[in-house]
Q: 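Handing you this structure, nothing more for now.
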Protein chains: 2
Amino acid sequence: MIGPADIEASTQPATDAGLAFRRHDHSNCCGGLIARADELAAERGLKLTPVRRRALEILLEEHRALGAYEVLERLAGEGFGNKPPVAYRALDFLVENGMAHRIARLNAFMACMHPGDDHTPMVMICRACRSVAEAPAEPVAAAVAESAASAGFAVEGTVVEALGLCSACRARGEV
Amino acid sequence: MIGPADIEASTQPATDAGLAFRRHDHSNCCGGLIARADELAAERGLKLTPVRRRALEILLEEHRALGAYEVLERLAGEGFGNKPPVAYRALDFLVENGMAHRIARLNAFMACMHPGDDHTPMVMICRACRSVAEAPAEPVAAAVAESAASAGFAVEGTVVEALGLCSACRARGEV
DNA sequence: TCTTGACTGTTACATTATAACATATGATAT
DNA sequence: ATATCATATGTTATAATGTAACAGTCAAGA
């Protein structure tokens, strides 16, 4: 379900609008993912309340990793609370339920592009344009599990983040 | 060079002294790693100055992940500066030169147990005892590189952290 | 000797995160 | 209907983590 076009699209920063959304219909992708989140919530008996839903929409609209305080600022501007716990709680809910990811290296959050598929995410962080994209990580997760197993360690979750240059920045001649 | 004993040893929290160092001679392992750091510095023309050296010793003595402010507190207690940049600069130096690792998930630092071997580290973080251990990560790094390559992403560094239960805690019946 | 560059230290501040408690809301049992 | 309870939201206050910018120090080379 995750093809090269998805990856390409999500490696683009939202600010570079001309290029960023050339390869997908953004409002569709957002709507689809919100709909998917609703489904998941229904299936699992979770409450995708207004703040939580709006926080997810904000992440989807930006299509990049946002700090908790950036999300908070927008939520506050829309009539929700303007204190840190408001954002952190909504984001924690989304992360716990696989609708968003926390990028440890950036202390930031991004929407998950395929929620529900139980996946250990791997994210790629471009040092030039700061964009963040998910990549398939099943082989990575397997390798992590195997290495951990030989140390007797039981893996319950992983943080896998690659730092480097995205294809767009390389094409643009970044070094 | 990295055997099960190394991993076992480093999964033990330093506070649990009775068990923690049963399987290795701690002062030897520290001394050896400091000596190795000196070698590396000499080879590469780096300056392992007193603060830097002491910061590394502190990480080695504790044998666990320490926050920058914990390291700072000790440095300050020994006559070095007591302002955050003192610790951050020493730690950054150690990380940049492969003598220590930054644990993104914990915002903490630990000594590298095999500096000089050019490795992409993978660390295992026990949620029960909070101990942190390194594990061999070549297969993981390969999987990350491959996944990234198919998205056209050039990997320059990775963050690979497994969260779960260490062998000691499992043996102790933790759930 | 004198400059230069790297290192150390400081001030001051920015950013990220959480504990604890008050208020509101919705589901459930009576 | 309404009392109750769990969950969610909002606030105050503060903790924890991290950095920019500049001043002083010191050793190595011109």
Q: Check for a donor-acceptor pair, side chain of B/E134 on one end and backbone N or O of B/P121 on the other, with a separation under 3.5 Å.
A: no
Q: Within the distance-only criterion (no hydrogens, no angle test), does the side chain of B/S150 pair as donor or acceptor with the backbone N or O of B/S147 below 3.5 angstrom?
A: yes
Q: When the nearest nucleotide of DNA chain D is assigned to B/G67 and to A/R89 on a heavy-atom basis, which residue is associated with the more 5' position?
A: A/R89
Q: Keeping the roles fixed (side chain from A/E62, backbone from A/L59), state whether a donor-acceptor pair exists under 3.5 Å.
A: no
Q: Would you say A/N107 places a side-chain N or O within less than 4.0 Å of OP1 or OP2 belonging to C/dT15?
A: no
Q: Can you check the A/F80 CZ to C/dT25 P distance for me, whole Å?
A: 13 Å
Q: Whole Å only: how far is the CD atom of A/E73 from the P atom of C/dT15?
A: 11 Å
Q: Rounded to the nearest angstrom, tell me the gap between atom CG in B/L46 and atom P in C/dG5.
A: 19 Å
Q: Here's a test of your reading of the structure: between B/Y69 and B/V51, which maps to the more 5' nucleotide of DNA chain C?
A: B/V51
Q: Atom NZ of B/K47 to atom C1' of D/dA27: distance rounded to whole Å?
A: 7 Å
Q: Nearest to the A/Y88 side chain among D/dT17, D/dT11, C/dT16, which nucleotide is it?
A: C/dT16
Q: Mark yes or no: B/R52 above the aromatic ring of B/F93, with NZ or CZ under 6.0 Å from the six-membered ring centre and no more than 45 degrees from the axis.
A: yes
Q: Can you measure B/R52 atom CZ to C/dT8 atom C1' for me and round it to whole angstrom units?
A: 10 Å
Q: Can you check the A/K83 NZ to C/dT15 P distance for me, whole Å?
A: 18 Å
Q: Expressed in angstrom and rounded to an integer, what is the separation of B/E70 atom CD from D/dA15 atom P?
A: 17 Å
Q: Is B/R54 touching bases, backbone alone, or none of the nucleic acid, heavy atoms closer than 4.0 Å?
A: nothing
Q: Let me know the distance between CG of B/D92 and P of C/dT8, rounded to the nearest Å.
A: 12 Å
